[in-house]
Amino acid sequence: MKDDTIITHSGRHPERHFGVVNTPVFRASTILNPTVADLKAPKGLRDPRYGRRGTPTVFTLEDAVAELEGAHGTVVTPSGLAAVTTALLAFLQTGDHVLMVDCVYGPARRFANTFLKRMGIETTFFDPTIGAGVAELVRDNTKVLYLEAPGSQTFDMQDVPAMSAAVRPRGVKVLIDNTWATPLFFKPYEHGVDVSIHAGTKYIVGHSDAMIGVVTANEESFDAVRDSFDTLGACAGPDDVYLATRGLRTMAVRLRQHQATALKMAQWLQTRPEVSRVLYPALPEDPGHAIWKRDFLGASGLFGVVLKPVSDTAVAAMLDGLELYGMGASWGGYESLILPTDARPYRTATAWAPEGPTLRIHAGLEDVGDLIADLESGFGRLKQAT
Ligand SMILES: *Cc1c(COP(=O)(O)O)cnc(C)c1O
């Protein structure tokens, strides 16, 4: 079945819940067993039953995301960052080594540099464009290759199949943060990935009103992920899980609109004299375009814009007066956002040298003409303040 059908039907069992279309919000700590025999007879992965280990509300989201992404199984965490840490801790112990892409989400880098370091786990950051050359960085104790494509803030693509083929024969697990593409626009298990991580907070929830994380895994890796999840004890609350599942049902139609709007905005921005370059792999001029076209099924609504050199005051004049763009952390909701970003302090393996200030834009579901007109007035203010 095609994704539009899977996203609508997977994980739902109305016949078990009074015919109600959506799996209700089950609130549970204790889950009762009718007899001693029932209590003593574990029936599989979801036993022994306990609120923290999931209820039908949670299993619906787990099953739907696993099916959509082509994974063996899923765990649901209370945030995207909890999904990152749960996934990493599933495969690491003292003395191990991690390879992490240099354009990784900031808090994942921080986890490696603080927590993992304290545990005696060393991390090497590497150039996102390294490709099969990553094999030269593999040591005897390397356990994880951690990717994020395209990367946070700078949108660098990575050759996932080439890197996977280079490291997996040496027993290295390939993890990817697949938040930007969602399970719809990148199918990690068709490109040699073992574990996929999502900040469900973004497009899965889709309405800026809940935090959720998801880790999916292939068959060989799922037991370790499930064990890490069970050991750490970070489970999501039932209302947030419900909102994530509700959001997921419309994600395919939302993403088509986010993609169309982002592409039009990105193309318009490319024509502007104030813009140096647009960071969006769906554009033919983007250095990651060929890989994106080969491996991805679409582009979501988040992209970057490098401006020509201009003062911070001028950028503030542009952004402060925008009417349709909110300024704040996160993205993936129905509404447009804009933020000044600066990836320069984060990079350690590669230099990031933008020509001028960088903006990150999330193209929401507003009318694209209105969104562009608002940016155009912003450029007017920028010019005036220069
Ligand atoms: C937002 C984000 C996260 C973290 O998600 P939270 O739900 O905010 O904890 C992880 N990875 C990427 C790429 C993100 O954009």
Side-chain angles (χ1 to χ4, degrees), residues 7-69 71-91 111 115 183 195-202 204-219 221-249:
I7 209 169
T8 310
H9 287 270
S10 60
R12 290 200 293 118
H13 305 283
E15 72 287 355
R16 296 182 197 164
H17 315 297
F18 202 64
V20 172
V21 172
N22 294 317
T23 309
V25 177
F26 281 83
R27 302 181 185 286
S29 53
T30 301
I31 297 170
L32 302 173
N33 297 269
T35 65
V36 172
D38 275 299
L39 193 61
K40 286 189 174 170
K43 292 162 252 14
L45 207 59
R46 287 162 173 173
D47 284 291
R49 293 182 293 168
Y50 184 44
R52 193 177 62 227
R53 308 193 80 231
T55 65
T57 310
V58 178
F59 303 152
T60 294
L61 181 61
E62 287 179 358
D63 291 347
V65 176
E67 196 177 344
L68 204 57
E69 198 160 44
H72 176 74
T74 307
V75 298
V76 176
T77 60
S79 71
L81 184 55
V84 171
T85 57
T86 300
L88 280 167
L89 290 173
F91 302 103
F111 183 70
F115 212 92
V195 176
S196 170
I197 295 155
H198 296 274
T201 308
K202 313 288 167 53
I204 294 177
V205 167
H207 295 73
S208 308
D209 53 3
M211 310 282 303
I212 214 86
V214 168
V215 186
T216 75
N218 61 14
E219 197 169 356
S221 312
F222 185 64
D223 283 353
V225 170
R226 181 77 211 187
D227 193 58
S228 177
F229 170 79
D230 280 338
T231 306
L232 289 167
C235 61
D239 289 292
D240 291 343
V241 175
Y242 181 91
L243 287 171
T245 310
R246 192 162 100 147
L248 181 75
R249 300 299 178 200

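The chain is numbered in sequence order, starting from 1.
- Residues F91 and V225 form a side-chain contact, since some pair of their non-hydrogen atoms from C-beta on lies under 4.5 Å apart.
- Annotation: side chain of F229 is not in contact with side chain of V215 (no heavy-atom distance under 4.5 Å).
- At distances below 3.5 Å, at least one donor-acceptor pair connects side-chain atoms of R53 with backbone N or O atoms of P48.
- Between T74 and A66, the closest heavy-atom pair is OG1-CB, 3.2 Å.
- Side-chain atoms of R249 come within 3.5 Å of backbone atoms of I7 as a donor-acceptor pair (strictly under, hydrogens ignored).
- Separation of atoms CZ (F115) and OG1 (T85) is listed at 8.5 Å; rounding is to 0.5 Å.
- The heavy-atom pair separating T77 from A83 by the smallest distance is OG1-N, 3.3 Å.
- Within the 3.5 Å criterion, the main-chain N or O of T57 finds no donor-acceptor partner in the side chain of T23.
- With respect to T216, the side chain to side chain contact (heavy atoms under 4.5 Å, CB included) criterion is satisfied by exactly one of E67, E69, H72, E62: E69.
- Distance CD1/I212 to OG1/T245: 7.5 Å, rounded to 0.5 Å.
- Looking only at distances, no side-chain donor or acceptor of S228 sits under 3.5 Å from a matching main-chain atom of A224.
- Distance CG/L68 to CG/L248: 6.0 Å, rounded to 0.5 Å.
- Residue pairs meeting the salt bridge (Lys or Arg N to Asp or Glu O under 4.0 Å) criterion with at least one partner in residues 9-32, sequence neighbours excluded, are R27-D239.
- For T30, the side chain to side chain contact (heavy atoms under 4.5 Å, CB included) partners are L32, not counting sequence neighbours.
- Enclosure of atom CZ in R246 is not indicated, since only 12 or fewer non-hydrogen atoms of other residues, nucleotides or ligands lie within 6.0 angstrom.
- In this structure, the separation between CZ on F222 and CG on D227 is 10.5 Å, given to the nearest 0.5 Å.
- With a 4.5 Å cut-off on side-chain heavy atoms, F26 and V241 do not count as touching.
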